[in-house]
Amino acid sequence: MKMTFAKRVIAIAAAGMLSAGTAMAQDKAASLDELLKMVKDAKVAETADQRKREAEFRRQKANQQALLNQAKQTKANEEARSVRLEKNYEENEVAVDQKRQQLQERLGSLKELFGHLTSAAGDLRANVDNSLVSAQYGERGVFLDNLIEKMNSADQLPTIEEIEQLWYEIQRETIEGGKVTKFTGTVIKPNGDKADQDVIRIGTYNLVSDGNYLTFKEGKLEELLRQPTAFQAAAKDLESAAPGTFTKVGVDPTGPSGGTYLGALINSPSIVERWHQGDLVGYIITGVGVFAMLLAIFRLIVLTGMSAKVSAQLKSDKANTNNPLGRVLKVAEDNPGLDGETLELKLEEAVLKEKPAIESGLQLLKIISAVAPLLGLLGTVTGMIVTFQAITIFGAGDPKAMAGGISGALVTTVLGLVVAIPTVLMHTLVNGRAQRVLHILDEQSAGLVAENVEAK
């Protein structure tokens, strides 16, 4: 039992020494002497490793000290260099001030000249962006940007060639503004397509191509979404005109300032668009007006035919029942033996029967002529209410929007008057035809009564 326990102790000790990283044999010790020898060998190995680590540590410590000394030396060198650079910077500042002063003295009157050149280049650069000449000569902007940058620089001056080029560009802008020239450009269509086609530039006023007017924005040629149709035919004539000939063409008098007049012209709503601004009330007024015109025309045709038949009856001795006068005369023919008073009553009755058919529609036309302006006023008032409600919510910061709302509200008033005026005229005309027929009936009735009384 004792031997077995000793073996176990030896095995555990050996395993412990191996796990500690010692260089020991993998075999288990067979006796205590072997165990002692193994412990001794492990101690010797550990001592060697320890010495090696200590040597490595001392060597690294020496290296760290060397690096520290090197860093201190570098710091001292950089501080000395910083002192030298500061001194050099101060000397250079003094030298630069002297050079600047020398430059100002040598420039003399040229300083004022460069100021004028800078101002002229800036003014031209501002005009170039919006000038229609740039649609043909688009490279001017790059040159002017470089020239302005150089003039604003403290260490550069423009060359004689650049100054002459600036003078040339100023003269070219002036001269090209009085020319009508043709060039090839890329035109953007309203649907987004691009096409290379001939473009005619009318000075600095307008650009036309293929009979359509163009606009020049941000370096791009774009066809106007809405064209001034009144001038498109003249634009086509200009494109087909021979060189040196004269032809009429519409130009924008505000073209150099951005085409304000042409923009206002093409953006002005058409008659149909203005009619739609009347909204529901406008549609009602239009419907009432159309009905009034159809009714007036119908009644005018009926009364014209009736008047013609009455005129024919006046020339005939026999009563014809196809007209009001004939039917009235027929009453007198059918009652030859009546006394004057009775005949008068019967004739009045016959005339009263004919009167509704003759005056049919006249009262309705009169009502429409009176109601149409009231409907227009109603639409205007409701439109003004909507406009002022919008002003209450969004404010009156945009006068154009407010003016557009008021303009749309007034459309119904215009529509009401447009309906009322011709309706009044048609009512007067139709009523005149009806009164003529009624007057003839009254006249002939009175004549028949008078003849009856004389005969008695």
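For clarity, every value in this text was computed on a predicted model and none was experimentally measured.
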Euclidean distance, [Y] [atom2] relative to [X] [atom1], rounded to 0.5 Å:
X      : Y      : atom1 : atom2 : result
Lys355 : Asp442 : NZ    : CG    : 8.0 Å
Leu300 : His427 : CG    : NE2   : 13.0 Å
Lys220 : Leu214 : NZ    : CG    : 15.0 Å
Gln197 : Thr184 : CD    : OG1   : 9.5 Å
Glu333 : Lys318 : CD    : NZ    : 8.0 Å
Leu325 : Lys330 : CG    : NZ    : 13.5 Å

Side chains of [X] and [Y]: donor-acceptor distance under 3.5 Å anywhere?
X      : Y      : answer
Gln73  : Asn69  : no
Glu164 : Tyr168 : no
Arg299 : Thr304 : no
Glu161 : Gln165 : no
Asn212 : Asp210 : no
Arg201 : Thr181 : yes

Any donor-acceptor pair under 3.5 Å linking the side chain of [X] with the backbone of [Y]?
X      : Y      : value
Ser240 : Lys236 : yes
Thr423 : Ser369 : no
Thr247 : Ala241 : no
Glu162 : Thr159 : yes
Asp279 : His276 : no
Thr380 : Gly376 : yes
Thr428 : Val424 : yes
Arg125 : Leu144 : no
Thr204 : Ser131 : no
Asp193 : Lys189 : no

Got [X] and [Y] here, is their nearest side-chain heavy-atom distance under 4.5 Å?
X      : Y      : answer
Val328 : Val351 : yes
Asp237 : Lys248 : no
Val133 : Arg140 : yes
Ile358 : Met306 : yes
Met426 : Ile297 : yes
Asp198 : Glu239 : no
Glu344 : Leu347 : no
Glu349 : Leu352 : no

Closest non-hydrogen atom pair, [X] against [Y]:
X      : Y      : answer
Leu166 : Phe143 : N-CZ, 3.8 Å
Ala372 : Val419 : CB-CG1, 3.8 Å
Ser134 : Val128 : OG-O, 2.6 Å
Leu415 : Gly282 : CD1-CA, 3.6 Å
Val411 : Arg274 : CG1-O, 3.1 Å
Ala332 : Leu448 : CB-CD1, 3.7 Å

Is the number of heavy atoms from other residues, nucleotides or ligands under 6.0 Å of [X] [atom1] greater than 12?
X      : atom1 : value
Glu91  : CD    : yes
Phe298 : CZ    : no
Asp317 : CG    : no

- Under the criterion side-chain contact (heavy atoms from CB on, under 4.5 Å), which of Ile200, Thr245, Asn206 is the partner of Leu238?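 Testing Leu238 for a side-chain contact (heavy atoms from CB on, under 4.5 Å) against Ile200, Thr245, Asn206 leaves exactly one candidate, Ile200.
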
- Query: Passes side chain to side chain contact (heavy atoms under 4.5 Å, CB included), Val386 versus Thr382? Steps please.
  - Reply: CA-CA 6 Å; Val386 173; Thr382 55; 5.7 Å; no

- Which residues share a side chain to side chain contact (heavy atoms under 4.5 Å, CB included) with Leu68, sequence neighbours left out: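 Only Gln65, Lys72 meet the side chain to side chain contact (heavy atoms under 4.5 Å, CB included) criterion with Leu68.
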
- Query: So, are Arg81 and Glu78 salt-bridged, with charged N and O less than 4.0 Å apart?
  - Reply: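 Yes, this pair counts.
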
- Arg172/Glu139 salt bridge by N-O under 4.0 Å criterion: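 The answer is yes: the pair qualifies as a salt bridge.
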
- Message: As a quick check of understanding, evaluate side chain to side chain contact (heavy atoms under 4.5 Å, CB included) for Leu207 and Ile202, giving each step before the final call.
- Response: CA-CA 6 Å; Leu207 296 166; Ile202 309 172; over 6 Å; no

- For Leu314 and Gln444, what are the C-alpha separation, side-chain angles and deciding distance, and is it a side chain to side chain contact (heavy atoms under 4.5 Å, CB included)? CA-CA 9 Å; Leu314 290 174; Gln444 294 299 316; 3.5 Å; yes

- Can you check salt bridge (Lys or Arg N to Asp or Glu O under 4.0 Å) on Glu176 and Lys179, steps first, answer last? CA-CA 5 Å; Glu176 292 294 332; Lys179 289 184 178 180; 3.7 Å; yes

- Would Lys194 and Val187 count as a side chain to side chain contact (heavy atoms under 4.5 Å, CB included) if you check the C-alpha gap in whole Å, the side-chain angles of each, and the deciding distance to 0.1 Å? CA-CA 6 Å; Lys194 296 182 179 180; Val187 179; over 6 Å; no

